[in-house]
Amino acid sequence: MATTPTPAPGPLRRTLRRAPGHLLRTVLALGFVFPIVFMLISSFKPDQQIFADLGSIKAFLPVGQLSLDNYTAVFDRVPAGRFLLNSIVISAVTVVLGIAVNSLAAFALSRMRWPGRRLLLVLIIATLIVPFETFALPLVWWVNKLPWLELHGFQLAFTEGWLDTYRVQILPFVANAFSIFLFHQYFQSIPKELDEAARMDGASWFGIYRRIVMPLSGPAVATVAILTFLPMWNSYLWPLMVVQDENLRPVMVGIQYFFQLNVSWGQIMAYSTMITVPVLALFLAFQRSFINSIASSGVKG
């Protein structure tokens, strides 16, 4: 006897099956969004109203005495514009140099054949287990002894020490083990037959890197850009150790200004909002490439 095929589940049944998963993701999303919403809403309220609304849903709603006083007070209290400009310059330069240096290193490790490359890759990955705090003090000593070529008038002269400069906040963080690993894994997913065809046409290794591999690595570039930008934008310990000049400090160091003398939580929320928006904008702009790169590196690597 022929059996009757089971009918495919209808749209309503599929929706009911997926409902628990959607509900769980919604709850998790709200858990992450609530602190950001509270920070944003509180940045427009005076301190008295922030504390008065803490025990109710009003803490997350734009109700009450709303104004831009906290934002104007931020610029009166600290050189916020200078801090923001410093962080933008430091983060952007580090991202650009990091993409160039780490992608070149990963290209040599993944596409070129030379003895010891696998051992070198293992050693690079092994550095990921070493926390930055363990070598921060020795690194301060080293950067204080490093030379630099500067122009004095019409003469070039070597100076010693990188403290209180932009370069001390940028150059030590250009090479990154995780970025090299991520580029390496993504480059491995690109067919090596393209290299062989290009070599037969007379292309150099750098030409293959520039014209073939990098144009195909957009998701990896976006991911490395995000993962490089975030720690540089959030950097606090290192600038606090090596930068004393207020004109060179990044945004995170500026937070400590608000805990001196009179603490204003409304101003803290306004300042925190100002330094959080660029990070959220960057992630939202590159989130699709970020997800694609992580998926490709994990599956194909």
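The basis for the numbers below is simple: all heavy atoms, side chains too, and nothing from hydrogens, waters or symmetry mates.
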[X] side chain near [Y] side chain, heavy-atom distance below 4.5 Å:
X    : Y    : value
R77  : Y271 : no
R111 : H184 : no
S103 : M214 : yes

Practice item. For the pair D201 (side chain) and A203 (backbone), establish whether a donor and an acceptor sit closer than 3.5 Å, ignoring hydrogens and angles. Key: no
Point to revise | N86 side-chain N/O to R249 backbone N/O, donor-acceptor pair under 3.5 Å | key: yes
Check your understanding: What's in the same ILVMFWY side-chain cluster as L123, cut-off under 4.5 Å, chained through other members?
Key -> L119
So if you build clusters from Ile, Leu, Val, Met, Phe, Trp, Tyr with side-chain heavy-atom gaps below 4.5 Å, do [X] and [Y] land together?
X    : Y    : value
L171 : W141 : no
V224 : M232 : no
V95  : L97  : no

Practice item. Could you label the plane-to-plane angle of the F132 and W238 rings as parallel, tilted or perpendicular, counting under 30° as parallel and over 60° as perpendicular? Key: perpendicular
Point to revise | Y209 atom OH: more than 12 heavy-atom contacts under 6.0 Å | key: yes
Check your understanding: With sequence neighbours left out, what residues match R199 under side-chain contact (heavy atoms from CB on, under 4.5 Å)?
Key -> W205, I208
